[in-house]
Amino acid sequence: MLAYLAALARDDFEHLPSVQADQARVVDIPYHGQAFHIDGQVRPPEQGGMGNVRIEVWPGALQVLVPPSVIVGTEAEDQVPA
């Protein structure tokens, strides 16, 4: 945890070996009723909730950092080449 905080303070988070940086315009994250944080608000858990949380961004407007052990499905035509 300290390594992540130090990297954030150095503005060097994306260079950590456990961080994967990809560019995309649309990302769908599987939703299984868990609580999540978006736009400064925590959305409470929803028992029995299922579906996807879709994130759409304007080019260059957002960077999302995801550990490499997480598999994120995106459609090939929605991906922007790195």
Side-chain angles (χ1 to χ4, degrees):
M1 184 66 150
L2 292 177
Y4 286 104
L5 292 174
L8 283 171
R10 290 191 309 268
D11 195 27
D12 194 34
F13 190 80
E14 68 276 4
H15 293 110
L16 291 174
S18 61
V19 174
Q20 175 184 338
D22 294 318
Q23 294 182 5
R25 290 182 295 223
V26 177
V27 176
D28 287 323
I29 301 172
Y31 175 70
H32 301 283
Q34 71 274 25
F36 63 96
H37 183 272
I38 187 167
D39 289 338
Q41 299 177 353
V42 175
R43 305 291 171 100
E46 182 180 314
Q47 187 172 359
M50 295 288 290
N52 287 313
V53 174
R54 175 165 276 201
I55 301 170
E56 296 184 38
V57 297
W58 296 325
L62 176 68
Q63 292 182 355
V64 178
L65 305 174
V66 180
S69 62
V70 175
I71 298 173
V72 178
T74 60
E75 296 176 17
E77 64 270 14
D78 291 337
Q79 293 183 355
V80 177

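Computed from a prediction, not measured in an experiment: that's the story for all the values here.
In this structure, R43 CZ and H37 NE2 are separated by 10.0 Å, a value rounded to the nearest 0.5 Å. To the nearest 0.5 Å, atom NE2 of residue H32 and atom CG of residue N52 are 8.0 Å apart.
The shortest non-hydrogen separation linking E14 to V19 is CA-CG1, 3.9 Å. Between V26 and E56, the shortest heavy-atom distance links the atoms CG2-CG, 4.0 Å. Closest approach of L16 and A3 over heavy atoms only: CD1-O, 4.4 Å.
Aromatic ring pairs are classed by plane angle as parallel below 30°, tilted from 30° to 60° and perpendicular above 60°; the pair Y4 and F13 is tilted.
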